[in-house]
Amino acid sequence: MQTEPEITPELIAAHGLSDDEYARVLEIIGREPSFTELGIFSAMWNEHCSYKSSKKWLRTLPTTGPQVICGPGENAGIVDIGDGQCVVFKMESHNHPSYIEPYQGAATGVGGILRDVFTMGARPIAAMNSLSFGEPSHPKTPSLVSGVVAGVGGYGNCFGVPTVGGEVRFHPAYNGNCLVNAFAAGLAETDKIFYSAASGVGMPVVYLGAKTGRDGVGGATMASAEFDDTIEEKRPTVQVGDPFTEKRLMEATLELMATGAVISIQDMGAAGLTCSAVEMGDKGNLGVRLDLDHVPVRENNMTAYEMMLSESQERMLMVLRPELEAEAKAVFDKWDLDFAIVGETIAEDRFLIMQGNTVMADLPLKALSGNAPEYDRPWVETPAAGEMDEVPEIDPIDGLRALLASPNYASKHWVWEQYDTMVMADTMRTPGLGAGIVRVHGTPKALAFTSDVTPRYVRANPYEGGKQAVAEAYRNLSAVGALPLATTDNMNFGNPEKPEIMGQFVGAIKGIGAAVEALNMPIVSGNVSLYNETDGEPILPTPTIGAVGLLDDHEQVIDGTAREGHLALLLGDTQGHLGQSALLAEVFNREDGDAPHVDLATEKAHGDFIRENRENITAATDLSDGGLALAGFEMALAGDIGITLDDRATGFNFGEDQARYLIACSFDRAEALMIAAGQAGVPLQTVGRFGGDKVRIGSSEASLADLAAIFHGAFEQAIA
């Protein structure tokens with residue numbers, strides 16, 4: 001047995017525990033902790049696992065509704081989609097690991113979110129990712145982009161789940177800290193859902209999946225710290241993934257669930273064996289005893305500390321019905337995966353860790369989870385945006401060219417063509433045309449997925465920016481005819497110990513909460529990633545919203561492509577809001593002004609109008625970054641047809657006013673829509689016509705082919 005190091009102030013600080021937190025540890029256990037115990041407290045009380053800075057505010061989010069089967073607190077959220085079926089989904093970050101080791105960081109982020117879904121008994125059917133990188137000219141950005149995209153594709157493609165949507169952005173604020181947010185959704189039967197709460201005393205605790213190594217030791221603690229010039233020393237804390245093992249683990253787990261042997265099950269993600277065992281015990285009001293001599297390992301002489309904090313991938317922990325042990329083991333033997341009884345549930349509130357007949361840790365289990373620190377961090381409201389300087393009128397085609405030449409708004413085909421978007425053969429819409437759509441196999445139903453946030457808005461006005469992220473997700477789902485069901489969030493922010501950063505977080509939470517309530521899209525799962533800073537420089541506040549919508553009949557999907565002779569109709573009011581707009585950033589190199597105001601009642605009314613009148617709508621898209629000009633171009637390009645837009649001012653062409661949609665339909669259907677709009681009291685006007693091979697805005701024009709060449713080439717050129 002290896003000798004454990006002495007507990008020193010330096011060691012305590014290295015584990016991310018403050019003086020007050022360590023004093024609390026001493027008070028709870030009445031003695032100095034062992035090295036293994038210190039590691040366990042560090043893992044369970046870090047920001048990534050305990051949400052100690054965010055719990056207070058997360059509790060304010062609306063999380064319930066008639067469609068919600070399971071809200072936050074489990075591995076993933078669950079929403080009813082009728083006919084005894086449900087969709088299980090969640091979004092999580094793998095930001096710090098992806099900056100240190102892009103391929104494995106991104107790959108294991110995908111693997112972790114897939115496990116969250118199939119741990120609940122659901123077969124994954126769709127994935128998305130939201131990626132934020134530094135400016136393309138930064139020396140590290142090209143390698144980060146290529147590594148992260150390869151990691152996302154490498155894992156998802158091998159596992160066999162279609163990537164159907166997502167977003168990619170660039171901004172100098174991410175130069176030292178990229179963001180990799182991974183989303184996964186799966187299907188399950190409502191009467192065959194599996195939860196993590198242990199039950200029954202003396203029940204076997206079973207280790208499932210791959211063997212434990214030293215990769216990822218301390219990963220959760222690393223994810224809760226800022227970066228500095230010691231970043232390369234953190235490389236060993238990045239996990240290594242194996243998608244083929246994960247595929248076998250999923251099949252074995254789903255087969256195991258069908259045997260009736262599973263009492264509770266939890267994937268081993270952040271903090272590995274420690275967090276999974278503690279969460280199962282805490283939720284079931286039980287203690288857990290583990291014998292590390294029985295844990296399958298792939299390296300020699302692993303210490304208790306290493307085994308408890310390893311974040312080796314493709315592992316699960318289960319509480320088993322003992323009478324079905326042989327049957328359960330046979331399933332995992334068949335799939336050539338480890339199956340080992342490593343402990344049992346106990347009645348006492350204890351987390352007891354044994355190795356070689358030696359007690360390595362003996363802690364009150366509840367203190368590790370339910371009694372973790374919770375802070376009400378000081379925060380200051382983000383100052384109101386000042387008056388914005390006037391934006392000059394510009395040639396609209398020149399403005400459009402500037403947007404198309406930016407990697408932020410150019411086609412991302414270089415990214416998503418590296419992903420398998422069609423595996424499982426149920427994908428109806430691949431990335432690049434708004435919300436992704438997947439058929440619910442064997443039924444007429446389909447599910448739509450989207451991921452949205454505009455970080456510039458959130459920095460300028462966290463409340464409106466939080467509302468807008470939800471509202472844009474609502475519009476993206478509505479634009480394909482889907483009824484928005486629910487949301488998951490990934491709250492990416494800087495250091496919460498800075499009042500201005502905490503103020504951004506609080507404002508965004510308030511905005512998100514108001515929007516999900518008004519739009520009936522409760523938050524059912526999510527993740528918080530704080531301390532996204534390097535040398536004190538924070539990222540843009542980036543509260544990513546992942547959303548799911550339902551189509552009762554996949555044949556009712558609204559297309560995204562226009563046809564020759566179709567009218568272009570604009571639903572919604574345009575005031576010409578250019579504050580924090582794409583045009584302002586890309587053409588004038590300015591990021592000033594306020595975020596656009598989001599009227600939630602109007603958002604709901606306009607989304608309802610789109611869905612209720614889908615039979616008269618041939619194509620639709622929401623208006624967001626780049627306003628009418630960019631939306632019109634993208635819809636025209638999707639149909640390989642030109643567009644002529646009326647002669648309007650710059651604010652009308654590029655303004656980013658909210659609650660707006662661009663609709664394409666024939667003259668007769670447009671007439672019917674106008675009548676319906678009048679009856680519903682929603683503003684609808686004709687702004688142009690589709691046809692020919694040119695893009696015309698007023699008197700300015702360019703060939704669709706020339707603009708398309710810019711649009712399709714700009715991303716790859718930027719990161720070359």
For residues [X] and [Y], report the shortest heavy-atom separation together with the two atoms involved.
{"X": "A562", "Y": "A619", "result": "N-CB, 4.1 Å"}
{"X": "A182", "Y": "G109", "result": "CB-O, 3.9 Å"}
{"X": "S451", "Y": "S130", "result": "OG-CB, 3.6 Å"}
{"X": "L662", "Y": "A568", "result": "CD1-CB, 4.2 Å"}
{"X": "S529", "Y": "S93", "result": "CB-OG, 3.3 Å"}
{"X": "E656", "Y": "G627", "result": "CG-N, 4.2 Å"}

Tell me whether [X] is salt-bridged to [Y], with the criterion being a basic N under 4.0 Å from an acidic carboxylate O.
{"X": "R169", "Y": "E167", "value": "yes"}
{"X": "E417", "Y": "K412", "value": "no"}
{"X": "E464", "Y": "K467", "value": "yes"}
{"X": "R614", "Y": "E612", "value": "no"}

> Is there a side chain to side chain contact (heavy atoms under 4.5 Å, CB included) between T430 and M422 once you walk through the steps?
Replying inline: CA-CA 8 Å; T430 56; M422 299 303 292; 3.6 Å; yes

Does the side chain of [X] reach to within under 4.5 Å of the side chain of [Y], using non-hydrogen atoms?
{"X": "D420", "Y": "T163", "value": "no"}
{"X": "R660", "Y": "L571", "value": "no"}
{"X": "L114", "Y": "E246", "value": "yes"}
{"X": "L400", "Y": "L404", "value": "yes"}
{"X": "V470", "Y": "M521", "value": "yes"}
{"X": "F493", "Y": "I539", "value": "no"}
{"X": "R611", "Y": "P484", "value": "yes"}
{"X": "L645", "Y": "I643", "value": "yes"}

>> Looking only at the aromatic ring of each residue, does the gap between the centers of Y409 and F711 stay below 6.0 angstrom?
In response: no

> Going through the checks in order, is the side chain to side chain donor-acceptor pair (under 3.5 Å) test met by T119 and D116?
Replying inline: CA-CA 5 Å; T119 301; D116 280 336; 5.6 Å; no

If I take atom [atom1] from residue [X] and atom [atom2] from residue [Y], how far apart are they, to the nearest 0.5 angstrom?
{"X": "L483", "Y": "D608", "atom1": "CG", "atom2": "CG", "value": "8.5 Å"}
{"X": "F715", "Y": "N408", "atom1": "CZ", "atom2": "CG", "value": "9.0 Å"}
{"X": "L58", "Y": "I512", "atom1": "CG", "atom2": "CD1", "value": "9.5 Å"}
{"X": "M128", "Y": "T488", "atom1": "CE", "atom2": "OG1", "value": "9.0 Å"}
{"X": "S406", "Y": "F170", "atom1": "OG", "atom2": "CZ", "value": "8.5 Å"}
{"X": "R439", "Y": "D426", "atom1": "CZ", "atom2": "CG", "value": "5.0 Å"}

>> Name the residue from L623, T574, D657 that meets the side-chain contact (heavy atoms from CB on, under 4.5 Å) definition with L628.
In response: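 For L628, the side-chain contact (heavy atoms from CB on, under 4.5 Å) check succeeds only for L623.
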
> In a check of side-chain contact (heavy atoms from CB on, under 4.5 Å) between Y661 and each of L569, I617, D622, T621, which one passes?
Replying inline: D622

Check: [Y] main-chain N/O paired with [X] side-chain donor or acceptor under 3.5 Å:
{"X": "H606", "Y": "A659", "result": "yes"}
{"X": "S132", "Y": "C178", "result": "no"}
{"X": "T108", "Y": "G111", "result": "no"}
{"X": "R429", "Y": "I437", "result": "no"}
{"X": "E314", "Y": "D242", "result": "yes"}
{"X": "E92", "Y": "I113", "result": "no"}
{"X": "T454", "Y": "R456", "result": "no"}
{"X": "D599", "Y": "T602", "result": "yes"}
{"X": "Q556", "Y": "D552", "result": "no"}
{"X": "K247", "Y": "C158", "result": "no"}

> Should T450 and V548 be marked as a side chain to side chain contact (heavy atoms under 4.5 Å, CB included) after you check the CA-CA gap, both sets of side-chain angles, and the distance that decides it?
Replying inline: CA-CA 7 Å; T450 188; V548 178; over 6 Å; no

> Centre of Y99's six-membered ring, under 6.0 Å away, within 45 degrees of the axis: is that where NZ or CZ of K140 sits?
Replying inline: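 The answer is yes, since K140 meets both limits relative to Y99.
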
>> I need the single residue from H577, R475, E472 that forms a side chain to side chain donor-acceptor pair (under 3.5 Å) with Q658. Which is it?
In response: R475

>> Out of the candidates N527, T542, N181, only one should pair with N492 under the side chain to side chain donor-acceptor pair (under 3.5 Å) rule; please name it.
In response: N181

Consider only side-chain N and O atoms of [X] and [Y], and report whether a donor and an acceptor are under 3.5 Å apart.
{"X": "T544", "Y": "N490", "answer": "no"}
{"X": "N95", "Y": "S98", "answer": "no"}
{"X": "Q580", "Y": "R459", "answer": "no"}

> In terms of heavy-atom contacts, does CD of E135 have more than 12 from other residues, nucleotides or ligands at under 6.0 Å?
Replying inline: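 Yes, because the 6.0 Å sphere around CD of E135 holds more than 12 heavy atoms from other groups.
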
> Would you say E251 has more than 12 foreign heavy atoms packed within less than 6.0 Å of its CD?
Replying inline: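 Check passes, neighbour count above 12.
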
> Which word best sums up how the rings of Y174 and H171 line up, parallel for under 30°, tilted for 30 to 60°, or perpendicular for over 60°?
Replying inline: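 Perpendicular, since the angle between the ring planes exceeds 60°.
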
> With under 30° as parallel and over 60° as perpendicular, where do the rings of F89 and F183 fit, or are they tilted in between?
Replying inline: tilted

>> The test is side chain to side chain donor-acceptor pair (under 3.5 Å); show your working for H138 and N175 and say whether it passes.
In response: CA-CA 7 Å; H138 188 275; N175 279 347; 4.5 Å; no

> What do the steps show when you test L519 against E603 for side chain to side chain contact (heavy atoms under 4.5 Å, CB included), and what is the final call?
Replying inline: CA-CA 8 Å; L519 300 175; E603 291 282 4; 4.1 Å; yes

> Stepwise, does the side chain to side chain contact (heavy atoms under 4.5 Å, CB included) test hold for L447 with I125?
Replying inline: CA-CA 10 Å; L447 290 166; I125 61 163; 4.0 Å; yes

>> One pair to check against side chain to side chain donor-acceptor pair (under 3.5 Å): R563 and T618. What are the steps and the verdict?
In response: CA-CA 8 Å; R563 317 288 198 268; T618 303; over 6 Å; no

